[in-house]
There are 2 protein chains.
Amino acid sequence: MIFKAVRVPFKSGRFAVILNEEDASELGVREGDRVRVRYGKAGVVATVQITREIVEKGFVGLTDLASMELGISDGAEVDVFPSPKPKSVELIKKKTRGEKLSQDEIRRIVEDITNNALSEVELTAFVISSMLRGMDFDEIEWLTRSMIETGERIEFDRGTVVDKHSIGGVPGNKISLLIVPTVAAAGLLIPKTASRAITSASGTADTMEVLANVNLSVDEIKEITERVGGVIAWGGATNIAPADDKIIRVEHPLSIDPRPQLLASVMAKKGSVGAKHVVIDIPVGEGAKIEKVEVGRSLANDFIELGRRLGLNVMAAITYGGQPVGRAIGPALEAREALKTMEDRRGPSSLVEKSLGIAGILFEMTGIATNGYQHARKIFESGKTLEKFREIVAAQGGDESVKAEDVAVGDKTYTLTSQVEGAVVSVNNKSIVKIARTAGAPKDKGAGVYVHKKRGEVVKVGDPLLTIYAEKEWKLDNAIEVANTERPIVVSGMVLEVYGRRGV
Amino acid sequence: MIFKAVRVPFKSGRFAVILNEEDASELGVREGDRVRVRYGKAGVVATVQITREIVEKGFVGLTDLASMELGISDGAEVDVFPSPKPKSVELIKKKTRGEKLSQDEIRRIVEDITNNALSEVELTAFVISSMLRGMDFDEIEWLTRSMIETGERIEFDRGTVVDKHSIGGVPGNKISLLIVPTVAAAGLLIPKTASRAITSASGTADTMEVLANVNLSVDEIKEITERVGGVIAWGGATNIAPADDKIIRVEHPLSIDPRPQLLASVMAKKGSVGAKHVVIDIPVGEGAKIEKVEVGRSLANDFIELGRRLGLNVMAAITYGGQPVGRAIGPALEAREALKTMEDRRGPSSLVEKSLGIAGILFEMTGIATNGYQHARKIFESGKTLEKFREIVAAQGGDESVKAEDVAVGDKTYTLTSQVEGAVVSVNNKSIVKIARTAGAPKDKGAGVYVHKKRGEVVKVGDPLLTIYAEKEWKLDNAIEVANTERPIVVSGMVLEVYGRRGV
């Protein structure tokens, strides 16, 4: 049927058309069915949304993505007709039946994911059935390779390219800001692409953005890495492994992270930037993404095996994730803490030890040093980490002479104090993140939480436990409310429980 | 945050709000997250869609459903704030882990489905994990009971209430038009709710609608059934087991039909109308929903067990589904064939035998007759089936004196003839449906296919094999194209294959 096109400026990641109820019925299509839209020689397959009023009979609404793809303007005449489901829907059903997919089949699914050809229902079916039916290592390898091949890639002409990745789940994990310059200062290349927060208070990209531009293209990432040795860029600004972002979009609402997708997601990003040596940081502990050390170990082995298959040298470090790393949570607070630690050449041991430990592993993997940790510490204490970090900041368009004290944090603050005397028994990762996000992080860069007392530290009545930072009064109020209902920091006397009768 | 409300008239089955990109970021919500919208004392939880242009900063777009629920008009001030996921999302994750759900937990999920509180991603996760992890009979029973309890129900004060259900998949299955009046003529009550076509060429509701009004309320269904003994209504016009329709909405795009949902779906509808004796028609054969007889048998046993748990007397009939029932496919063609068969008191044996066989089972279950089939045949041949059918048509607002010859079918036709001499080897269900749908069925009531030759019938060169009916020329053209690429009817000489060399 011939329709007149109208642009409907919905921000949708998919090709979608909006049809009047009667036209949809005439075409024999239902909500979520696919139609092919033809305009001259251009064509897209789009999913149908149905409306009663927004789009009148005889018109077809096109979302931004679809109208751009067709190169269309309002009023153009297009031909719309029902289109069959893409082949990958059959392949997804094959996975629901528990069958192994071939390399070509996985490639087909990943291509359709990349091209936005799958609906949410279909993509969810793929993710859930991969989770429940599992994938063997062949399939995981093919999934990873397909993700790499369907995206942009970086190839370096010279140098030893390394990378690190944290699987996340522990707040305040700003270690990349220390690791990248330390590693680069030793002459290795580290083109680090990082993510923004989805459910956390600050992703590494959010934190780095306080000091420099992180929206870099693949060409810029390559150029800066070759020039100064390292970069900390937002992966989402590139087209590296784009299928991964789309998969995450359905994992997020279910807060699931199926292992095949987790492995492929991480290794596809590392493979795409040309890394040859990779350390995976696996935080384990209460309230972290992984709570049991055995699970962490098995994941570590999976990463190593997947690396071997892809020709990447992989090591994995199980790190302590039972409370925040350092004391600062939230973009500006974390950037400030990282900078201050580099300026002082000392800082919270959870931050310094972890960063140098991981940098050290990379030094040992690449043969730079036999005692990698000591080598990393030497660089850090010599001030070369700070020096290199400033070079990187400058290369990314930031202020080379930036100091920790210049970093602006939220001016609306509230400090929670202890009602009791004792020692900190736990710092609850999830509560801390909830408070920081309610205070405005990561959107409001200056918002977040500063933890004054961590596990084992002694507390007197009235001692500050944590300070909430916000940029807006109402967000601070909400965050205080959250802080008062959650128990972000638990203080107990040394006697934890008493049994039996007291007194006579 | 306070927003001004604007109505965005999207036909959406869910509570949704549309926020400007910047406002969403300010609120800290992403596409698909939930917000609570408060207006005076009214409130809804809605999912977030994000736009750049349709809704300006400071405004919140509300879909029909949401604005109706809130009783809101344009410009009203509403408070919007992030809302946690409903508890059932956690329960769905429990099912993904393979754990058994309790009765309360299943009830909670079904309530959230009924109230449109789950996103497509979440609902898909529920359906796929129920399919892959399975449900035991306790869970299936609870699912069925929850579906019944969350919808409208009919209770009859007097009489023996029976019902039948076909699990579908075989085209031309217009048997309810014969079964309902035959059963009602014997004094039983049969409040049949039927569905419209989703992927077929005509649902029983589409077929009945050619002759009468099928959009009946629960009260009308009850009143008509009590008055004339039977009714054939569209279930979708009622609020019977509403969760089921929503589950089907995610099963359809994947063309899956997980057994727990299939069992619950059918039995919830039967339980809701107060049926005490139920026959399930399970067509088995090539191109039907169920192709293997063992699968049909195991499904039959499941229906019987579920019935026992619900206090319903259930029998199941495995019927031949390898080709269409009767010769007509498409709403008007099927209505005409059913009427003609009742008028003539004879007709295609696949239609007559199946209808009387199933009516007969109901007679035996209720003790009306010891040889149910003979009893049904007597009613049918006496003309009482036709008489009762006309009463039902009249009660549903149709023309009591309607005759088969009055039923209008599409006036654009094309007849496919045989190129060879031989016998029909197969009539392909799926191809027939595809042709009928392309010709316009079920939307265009007069569109469809008439099959002149069925399996085993002898064919000469030039004999008509099937006739396509359409209401619109362009749809006929498309259907002819489909008919010429599919092989809807396969004719072979008696010698099917020849091996070895011919001639010298």
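Within every chain, numbering begins at 1; the chains are lettered A, B, ... in the order of the sequence lines, protein sequences first and strands thereafter.
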Of the listed B/I198, B/I92, B/T438, B/V127, the one with the largest count of heavy-atom pairs under 4.5 Å with chain A is B/I198
Test item: A/S25 side-chain N/O and A/E21 main-chain N/O as donor-acceptor pair under 3.5 Å: no
Below 4.5 Å from any heavy atom of chain A, which atoms of B/N478 appear? Answer side chain, backbone, both or neither. neither
Sole residue of A/D23, A/V48, A/V29, A/L27 in side chain to side chain contact (heavy atoms under 4.5 Å, CB included) with A/V80: A/L27
Report which part of A/V121 has an atom under 4.5 Å of a heavy atom belonging to chain B: side chain, backbone, both, or neither. both
N-O pairing of B/K85 and B/E122 below 4.0 Å: no
Lys/Arg N to Asp/Glu carboxylate O, A/K475 vs B/E26, below 4.0 Å: yes
Measure distances from B/V89 to the heavy atoms of chain A and classify the residue's part below 4.5 Å as side chain, backbone, both or neither. side chain
Need one label for B/S255: side chain, backbone, both or neither, based on atoms under 4.5 Å from any heavy atom in chain A. both
A/K95 side-chain N/O to A/E99 backbone N/O, donor-acceptor pair under 3.5 Å: yes
Of the listed B/R437, B/R97, B/H252, the one with the largest count of heavy-atom pairs under 4.5 Å with chain A is B/H252
